[in-house]
Amino acid sequence: MIIFATTNPSKKANLLRVKEYSDYHILMLDEAMRVGIINKDVYQEPEETGTTYRQNALIKAKAAFDAITNGIHCSVMADDSGFEIEYLNGEPGIYSARLGGTKIQYNEKRHILMKKMHEKEVPYTERAVKFVCHCTLIDPLMGIHDVESTTCGFLPWPDLPDGLETPGNPYLRMLELPGLGNYDKLEPKLKSLLNYHEKAYREMMQLIKCIEGKDAD
């Protein structure tokens, strides 16, 4: 059994689209609490005090792992993600979700970001952006394992393409992929293959399979 230490519905949806997910019994954090696998009186939502994606993913995984009810043996998986704009020297990076504070809407975050880039018209070649997802697994027998996936492209300028003002993560929706166009307008299967969260989850499921196979030899 694997506990996915998140209550984010978008991450749950990403995981459900990963084919390898069906090979394992995976519970979200709130589900694990509801059935008593995670002791809700022990678990405390951690502060993301790390300076790297890996450090924050490990902090989140460890918080859940340390709250597993005595006598229950299972793994915990957590991730941390963000995106890095070359023109802004890698910002916002690990602070992507907290850009402008945690209580403002995504569209407001987008406007803060675009304001930073609005000082001068940035050449297309300098609008490179990298989306990063780092996934960490803690297992009582296998130890700690990590995977990291990226999706790279360019940002449109100065605003989002038409039709992308609907709710959702505006960062990934902004992404322009060389030779493919706007990410949000790709067909679902291709979007799933290119989604940086789904790529990391897929790699983690494959890594677990590989480790289990080696342990069985």
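Model, not experiment: these values are computed from the prediction.
- Taking Tyr53 as the reference, nothing meets the ring pair (Phe, Tyr, Trp, His ring centres under 6.0 Å) condition, with sequence neighbours excluded.
- Residues Phe131 and Leu172 meet the side-chain proximity criterion, which asks for heavy atoms closer than 4.5 Å.
- Heavy-atom minimum distance, Gly50 versus Ile59: N-CD1, 3.8 Å.
- To the nearest 0.5 Å, atoms CZ (Arg202) and OG (Ser149) are separated by 8.5 Å.
- Around the CD atom of Gln44, the shell of radius 6.0 Å holds no more than 12 heavy atoms that belong to other residues, nucleotides or ligands.
- Considering only heavy atoms from C-beta on, Cys135 stays 4.5 Å or farther from Glu203 through its side chain.
- Taking each heavy atom of Pro92 and Leu99 in turn, the nearest pair found is CB-CD1, 4.4 Å.
- Within the model, atoms CG of Leu190 and OH of Tyr183 stand 8.5 Å from one another, a figure rounded to the nearest 0.5 Å.
- When hydrophobic clusters are built by joining Ile, Leu, Val, Met, Phe, Trp and Tyr residues whose side-chain heavy atoms come closer than 4.5 Å, directly or via intermediates, Val18 is not grouped with Leu193.
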Derivation and outcome, salt bridge (charged side-chain N to carboxylate O under 4.0 Å, His left out), residues Glu176 and Arg127: CA-CA 10 Å; Glu176 290 288 327; Arg127 286 183 264 154; over 6 Å; no
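- Interatomic distance, Leu88 CG to Leu155 CG, rounded to the nearest 0.5 Å: 8.5 Å.
- To the nearest 0.5 Å, atom CG of residue Leu141 and atom CD1 of residue Ile211 are 11.5 Å apart.
- From Arg17, atom CZ reaches atom NZ of Lys191 across 8.0 Å, with rounding to the nearest 0.5 Å.
- The salt bridge (charged side-chain N to carboxylate O under 4.0 Å, His left out) search around Lys40 returns none, not counting sequence neighbours.
- Nearest heavy atoms, Asn182 versus Leu175: ND2-O, 3.3 Å.
- A search for side-chain hydrogen bond (donor to acceptor under 3.5 Å, both in side chains) contacts involving Thr6 returns nothing, not counting sequence neighbours.
- Remark: Asp23 engages Lys209 in a side-chain hydrogen bond (donor to acceptor under 3.5 Å, both in side chains) (not counting sequence neighbours).
- Note: Glu84 CD to Cys152 SG = 9.0 Å, rounded to the nearest 0.5 Å.
- With sequence neighbours left out, the salt bridge (charged side-chain N to carboxylate O under 4.0 Å, His left out) criterion links Asp30 to no other residue.
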Steps toward side-chain contact (heavy atoms from CB on, under 4.5 Å) verdict (Val42, Asp66): CA-CA 8 Å; Val42 174; Asp66 290 345; over 6 Å; no
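- The heavy-atom pair separating Lys11 from Phe4 by the smallest distance is O-CE2, 4.1 Å.
- Applying the side-chain hydrogen bond (donor to acceptor under 3.5 Å, both in side chains) test to pairs two or more places apart or on separate chains, those with a residue in residues 128-138 are His134-Asp146, His134-Glu148, Thr136-Asp146.
- With sequence neighbours excluded, no residue satisfies salt bridge (charged side-chain N to carboxylate O under 4.0 Å, His left out) with Arg34.
- The shortest side-chain heavy-atom distance between Val132 and Thr151 does not fall under the 4.5 Å cut-off.
- What you find for Cys133 and Ser81 is that their closest heavy atoms are CA-CB, 3.9 Å.
- The salt bridge (charged side-chain N to carboxylate O under 4.0 Å, His left out) test applied to Lys199 returns no partner, not counting sequence neighbours.
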Full working for side-chain contact (heavy atoms from CB on, under 4.5 Å) between Leu137 and Met205: CA-CA 10 Å; Leu137 177 84; Met205 296 298 110; over 6 Å; no
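- Applying the side-chain hydrogen bond (donor to acceptor under 3.5 Å, both in side chains) test to Glu86 and every residue at least two apart in sequence or in another chain returns nothing.
- The shortest side-chain heavy-atom distance between Thr7 and Met28 does not fall under the 4.5 Å cut-off.
- Using a 4.5 Å heavy-atom cutoff, the side chains of Asp139 and Ile208 are not in contact.
- Here Ser192 pairs with Glu198 under the side-chain hydrogen bond (donor to acceptor under 3.5 Å, both in side chains) rule; sequence neighbours left out.
- Glu45 CD: 12 or fewer foreign heavy atoms inside a 6.0 Å radius.
- In Tyr95, the OH atom is not crowded: 12 or fewer heavy atoms of neighbouring residues, nucleotides or ligands sit closer than 6.0 Å.
- Considering Asn195, Asp79, Asn14 in turn, Asp79 is the only one that fulfils the side-chain hydrogen bond (donor to acceptor under 3.5 Å, both in side chains) rule with Tyr201.
- Taking every heavy atom of both residues into account, His145 and Met204 meet most closely at O-CE, 3.7 Å.
- The closest donor-acceptor contact from the side chain of Glu47 to the backbone of Thr49 lies at 3.5 Å or more, if one exists at all.
- Scored by the side-chain contact (heavy atoms from CB on, under 4.5 Å) test, Thr51 finds Gln55 as partners (sequence neighbours excluded).
- Applying the under-4.5 Å side-chain rule to Ile, Leu, Val, Met, Phe, Trp and Tyr, the cluster around Val76 extends to Met1, Ile3, Leu27, Leu29, Met33, Val35, Ile37, Ile38, Tyr43, Leu58, Phe65, Ile68, Ile72, Ile138, Ile144.
- The pair Glu31-Lys12 meets the salt-bridge criterion, since a charged nitrogen lies less than 4.0 angstrom from a carboxylate oxygen.
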Test side-chain contact (heavy atoms from CB on, under 4.5 Å) applied to Leu186 and Leu194, step by step: CA-CA 10 Å; Leu186 298 177; Leu194 294 172; 3.7 Å; yes
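- Two residues are said to be in side-chain contact when any heavy atoms from C-beta on lie closer than 4.5 Å; His25 and Ile2 fail this criterion.
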